[in-house]
Amino acid sequence: MTTLVQSKMDTLRHLFVKKHDSAAPSKSAESPKAYDAVLLLVALAILSIGFIIVTSASMPVADRLYDNPFYFAIRHGIYISLAIITALLVIQIPMRWWRVSNPWLLLLAIGLLIAVLIIGRSVNGSTRWLVIGPITIQAAEPAKLFFFCYLAGYLVRRFEEVTENLKGFIKPLIVFGALAFLLLMQPDLGTVVVMLFTTVGLLFLVGAKLWQFFGLAITGILVIVALIIIEPYRMIRVTSFLDPWADPFGSGYQLTQSLMAYGRGDLFGQGLGNSLQKLEYLPEAHTDFIMAILAEEFGFAGVLTVLVLMFVIVMKAMRMGNLALRKERPFDAYLAYSIGIWFSLQTAVNVGASAGILPTKGLTFPLLSYGGSSLIIMAIAVGILVRIDFELRVDGIQAMNKGSGSKGNRKPLQQQDDPQAAGKNRLSQVLESLKKPKSKKYTDGGLHD
């Protein structure tokens, strides 16, 4: 009888340990990561897709202009390398630096926008680029990021004023108005629209009163409509957007060629390198209309893939904002919100313009289109998101350590690190207790062994 009981106990111990071994998580799975690997992989995926598409779309025009079909591809590869290096450096900068330095960053943005009007280079009638030796900077790109940093800092410093009275609500709009005026002097209405709606969205998330929110939104729309009406070239863009086929070889030429690219792409596209519109039928194929070439060569599946990747970045930014608010880091939250709104709006404008949903605007697709300034600034924004996520994880680990340190009876380190050994010890104690016969008797004091 004793042998039978012992055999059953051994079998039970074997089955329990086997199940415990299969269910026990590995140490690598238990150790928390210091950064969001998915965010980095998604950003690198968009950069890689962008390099492939820019190379394919730019070869004909590069061959004609520079007698080198890989001219733009080489430059884009250099831009991507600089963007990655810059993002890695930004990740090392604590968020406290951005929180303290945001007024100075705003002054730098204003200085860049003034400088571009004085000594900037004009291309296609627009003065948007500063040339410093071999480096060309599009001043509007850093201006967007620096303004959003300032806006996040202002909302932290003046939260009660923004949410309770009109004065605090109007102050950041005055700053935005100054930047918008400088941008419209270039002219660059697309950047103004993105900055306006990002500001409106951030103020709404912060908790501005509804009448203020709707008043700002309606005022902004009326101002944009007025700016379109008073400039003939903007009015032509709107009318050609409404009916591009009315003048397919004039004002509607670029949009009709883009729509042809989308139509030829169908579900899975014509294949990499097989685009016809990139043969200089579609102007700006490797910059503003890169999505049309992507659609033609990879079809609806390719466009959907890129949009899903961008959606992941936007959703991660918004979730970081929510988590930062719960952990009482409002500056990090507002900056993450603004980056998420900014990326989503710029993506919507770029894809909408190339697909005929919105009037044509010169805005790049984040992390995808050709352009050094845009790539580097967008990479910096992603680096800031990674840094925000890192600091939130560090806060969480410190909170867990404080919570566990407050308990007097902490488990031995070996038992904490090895759940398998702890499980075996607990099972052995239970089985050993079953072996010992117990005689129980009741007394006046209760039940005793």
Is there a side-chain contact between [X] and [Y] in this structure, where contact means two heavy atoms from C-beta onward sitting under 4.5 Å apart?
X: L88; Y: Q92; value: no
X: L385; Y: M320; value: yes
X: F51; Y: L47; value: no
X: T199; Y: L173; value: yes
X: W98; Y: M95; value: yes
X: P330; Y: L155; value: no
X: I380; Y: L89; value: no
X: Y262; Y: M291; value: yes

Restricting to non-hydrogen atoms, name the atom on [X] and the atom on [Y] that form the minimum distance, rounded to 0.1 Å.
X: P60; Y: L279; answer: CG-CD2, 3.8 Å
X: V90; Y: G383; answer: CG1-C, 4.2 Å
X: T287; Y: S369; answer: O-OG, 3.1 Å
X: K278; Y: G273; answer: NZ-O, 3.3 Å
X: A355; Y: L259; answer: O-CD2, 3.4 Å
X: I46; Y: P366; answer: CG2-O, 3.8 Å

Practice item. Could you please spell out the steps behind the side-chain contact (heavy atoms from CB on, under 4.5 Å) verdict for L368 and I53? Key: CA-CA 8 Å; L368 189 79; I53 296 301; 5.6 Å; no

Which residues pass the salt bridge (Lys or Arg N to Asp or Glu O under 4.0 Å) test with [X], sequence neighbours left out?
X: R158; answer: E161
X: R326; answer: none
X: D288; answer: none
X: R387; answer: E391

Exercise for review: Apply the test side-chain contact (heavy atoms from CB on, under 4.5 Å) to residues L179 and M195: give CA-CA distance (whole Å), side-chain angles for both, the deciding distance (0.1 Å), then the verdict.
Suggested key: CA-CA 10 Å; L179 292 174; M195 291 176 64; 3.9 Å; yes

Point to revise | Residues F176, L196; criterion side-chain contact (heavy atoms from CB on, under 4.5 Å); working and verdict | key: CA-CA 8 Å; F176 166 75; L196 171 64; 3.5 Å; yes

Exercise for review: Return yes if some donor-acceptor pair links the side-chain N/O of Y334 with the main-chain N/O of L205 below 3.5 Å, else return no.
Suggested key: no

Review point. Is a side-chain donor or acceptor of N350 paired with a backbone partner of L363 at a separation under 3.5 angstrom?
Key: yes

Review point. Is a side-chain donor-acceptor pair under 3.5 Å present for T364 with S374?
Key: yes

Point to revise | S56 and E297: side chain donor to acceptor below 3.5 Å | key: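 The answer is yes; a qualifying pair exists.
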
Throw together a table of side-chain donor-acceptor distances under 3.5 angstrom for residues 302-319, partners on residues two or more places apart or in other chains.
| unit_1 | atom_1 | unit_2 | atom_2 | d |
| --- | --- | --- | --- | --- |
| T305 | OG1 | A301 | O | 2.8 |
| K316 | NZ | D36 | OD2 | 3.0 |

Exercise for review: Determine, stepwise, if the pair L392 / R329 fulfils side-chain contact (heavy atoms from CB on, under 4.5 Å).
Suggested key: CA-CA 9 Å; L392 291 174; R329 300 176 68 98; 3.6 Å; yes

[atom1]-[atom2] distance between [X] and [Y], expressed to the nearest 0.5 angstrom:
X: L151; Y: L203; atom1: CG; atom2: CG; value: 6.0 Å
X: F204; Y: Y337; atom1: CZ; atom2: OH; value: 11.5 Å
X: L44; Y: L367; atom1: CG; atom2: CG; value: 9.5 Å
X: I341; Y: L202; atom1: CD1; atom2: CG; value: 5.5 Å
X: T191; Y: Q186; atom1: OG1; atom2: CD; value: 7.5 Å
X: S338; Y: L345; atom1: OG; atom2: CG; value: 11.5 Å

Exercise for review: Inspect the surroundings of OH in Y253 and state if more than 12 heavy atoms from other residues, nucleotides or ligands are less than 6.0 Å away.
Suggested key: yes

Taking side-chain contact (heavy atoms from CB on, under 4.5 Å) as the definition, give me every residue that meets it alongside [X], ordered by chain and number, with sequence neighbours left out.
X: Y79; answer: R75, Y370, L375
X: A261; answer: Q277, A292, E296
X: I170; answer: L166, I174
X: A139; answer: L112, L113, V116

Check your understanding: Under the side-chain hydrogen bond (donor to acceptor under 3.5 Å, both in side chains) rule, what pairs show up with a residue in residues 102-112, not counting sequence neighbours?
Key -> N102-R157

Ignoring hydrogens and angles, write down the donor-acceptor pairs under 3.5 Å from the side chains of residues 142-150, residues two or more places apart or on other chains.
| unit_1 | atom_1 | unit_2 | atom_2 | d |
| --- | --- | --- | --- | --- |
| K144 | NZ | E141 | OE1 | 3.4 |
| K144 | NZ | Q346 | OE1 | 2.9 |

Review point. Excluding sequence neighbours, so at least two apart, what forms ring-ring contact (aromatic ring centres under 6.0 Å, His included) with Y71?
Key: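 So Y71 forms a ring-ring contact (aromatic ring centres under 6.0 Å, His included) with Y66.
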
